[in-house]
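Have a look at the structure below, then the notes.
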Amino acid sequence: MAGSVQIVGTGQLLTLHRRLRAAGGPRLQRNFSRRIRRAAEPLHRDLQRAIRTVNLTGSGRRVRGGPSPTTRPLRALLAGAIRISVRTGTTPGARVWTDKTRLPPDVRNMPWVIESGTVRHPVFGNRRRWATQTARPTGWWSRTVRAGTPRMTAEVARVADDVRRDLE
């Protein structure tokens with residue numbers, strides 16, 4: 001399900017954060033945050049690429065093509081709502097998530113709808129005529145997160161080890 005993926009550490013990252021704070025180095029903390037963000041960026045890019053390449057096919061009788069009839073292409077809009085946040089407080093870590101506030105109210109649930117594989121919507125706003133489209137491949141969020149999480153986790157552990165060595 002499209003939501004958020006978090007790499008947080010109640011142990012290793014938390015201990016490292018406390019040592020960073022005790023060392024009193026805001027430069028070290030900024031460096032730590034920047035490197036954690038860089039560890040999450042490949043997953044962020046992969047998720048944006050995944051939503052941009054989802055194929056939405058209709059069951060209509062006519063085959064039509066061409067550019068989007070609206071000024072807001074759906075896949076680009078959804079890709080722009082995927083964000084990264086890095087925390088260095090009591091629960092340090094990285095989070096890649098879909099920011100619903102960056103989406104217009106009428107498409108706020110669309111990442112989850114496309115994740116499920118079936119999009120049902122009124123035809124050009126006509127509530128008496130509905131269309132059903134299928135998203136292929138299904139599970140754009142869950143498959144991408146499943147593939148990218150081990151790489152992100154390993155990179156965060158490597159960053160934590162590097163910073164721990166710097167503190168010793």
Side-chain angles (χ1 to χ4, degrees), residues 1-56 68 70-117 119 135-168:
M1 175 148 179
S4 70
V5 58
Q6 299 181 35
I7 302 297
V8 294
T10 56
Q12 191 180 44
L13 287 176
L14 191 57
T15 304
L16 188 58
H17 170 69
R18 287 186 186 133
R19 291 177 65 192
L20 278 171
R21 183 177 284 171
R27 183 186 58 80
L28 283 175
Q29 286 183 336
R30 280 193 308 269
N31 184 25
F32 179 63
S33 297
R34 184 176 60 247
R35 290 182 67 190
I36 295 293
R37 176 174 289 278
R38 283 189 187 149
E41 283 174 355
L43 180 60
H44 179 249
R45 281 191 305 269
D46 290 347
L47 285 167
Q48 287 181 327
R49 188 178 312 116
I51 190 61
R52 283 188 176 115
T53 59
V54 166
N55 188 18
L56 289 171
S68 172
T70 65
T71 58
R72 51 176 199 174
L74 178 65
R75 291 178 203 93
L77 192 71
L78 297 176
I82 299 172
R83 301 188 56 199
I84 300 174
S85 61
V86 176
R87 290 179 314 281
T88 59
T90 56
T91 56
R95 179 178 175 214
V96 180
W97 55 292
T98 304
D99 187 1
K100 288 173 65 170
T101 61
R102 286 188 161 193
L103 296 172
D106 59 334
V107 294
R108 290 236 164 108
N109 289 328
M110 195 56 68
W112 295 272
V113 171
I114 292 176
E115 171 79 8
S116 71
V119 179
R136 295 287 180 250
T138 59
W140 68 273
W141 180 273
S142 55
R143 280 186 304 103
T144 308
V145 166
R146 202 174 314 118
T149 301
R151 177 180 60 197
M152 186 173 159
T153 306
E155 182 65 20
V156 167
R158 189 177 67 77
V159 167
D161 289 342
D162 289 349
V163 173
R164 186 179 307 109
R165 266 194 307 274
D166 288 346
L167 288 174
E168 291 175 352

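This one's a predicted model, so the numbers in the text were calculated from it and none came from an experiment. For the single chain, residues carry numbers from 1 onward in sequence order.
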Donor-acceptor pairs under 3.5 Å, side chain of residues 39-46 to any protein atom, not counting sequence neighbours: which ones?
residue, atom, partner, partner atom, Å
His44, NE2, Ile82, O, 2.8
Asp46, OD1, Arg49, NH1, 3.0
Asp46, OD2, Arg151, NH2, 2.8

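A search for side-chain hydrogen bond (donor to acceptor under 3.5 Å, both in side chains) contacts involving Asp106 returns Arg72, not counting sequence neighbours. Applying the side-chain contact (heavy atoms from CB on, under 4.5 Å) test to Ser116 and every residue at least two apart in sequence or in another chain returns nothing. Partners of Thr138 according to the side-chain contact (heavy atoms from CB on, under 4.5 Å) rule, which considers only residues two or more places apart in sequence or in another chain, are Arg136. Remark: Asn31 engages Arg34 in a side-chain hydrogen bond (donor to acceptor under 3.5 Å, both in side chains) (not counting sequence neighbours). Listed by chain and number, the residues in a side-chain hydrogen bond (donor to acceptor under 3.5 Å, both in side chains) with Arg75 amount to none (sequence neighbours excluded). In terms of the side-chain hydrogen bond (donor to acceptor under 3.5 Å, both in side chains) criterion, Arg38 has no residue partners (sequence neighbours excluded).
The CG atom of Leu103 sits 8.0 Å away from atom OG1 of Thr101, with the distance rounded to the nearest 0.5 Å. For the atom pair OG1 (Thr144) and CD (Glu115), the distance works out to 8.5 Å, reported to the nearest 0.5 Å.
Contact check for Trp97 versus Ser85: side-chain heavy atoms found under the 4.5 Å cut-off. Counting only heavy atoms from C-beta outward, the side chains of Leu47 and Trp140 approach each other to under 4.5 Å.
For the residue pair Val54 and Ala135, the shortest heavy atom distance occurs at CG1-CB, 3.8 Å.
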Let me see the working for Arg158 and Arg35 under side chain to side chain contact (heavy atoms under 4.5 Å, CB included), right down to the final yes or no.
CA-CA 10 Å; Arg158 189 177 67 77; Arg35 290 182 67 190; 3.8 Å; yes
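When atom types are taken as modelled, the side chain of Arg83 and the backbone of Asp99 share no donor-acceptor pair closer than 3.5 angstrom. Remark: the backbone N or O of Ile84 is not paired with any side-chain donor or acceptor of Arg95 at under 3.5 angstrom.
Applying the salt bridge (charged side-chain N to carboxylate O under 4.0 Å, His left out) test to every pair with at least one member in residues 137-148, sequence neighbours left out, gives no pairs at all.
The one candidate from Leu77, Ile51, Leu78 that meets the side chain to side chain contact (heavy atoms under 4.5 Å, CB included) condition with Met110 is Leu78.
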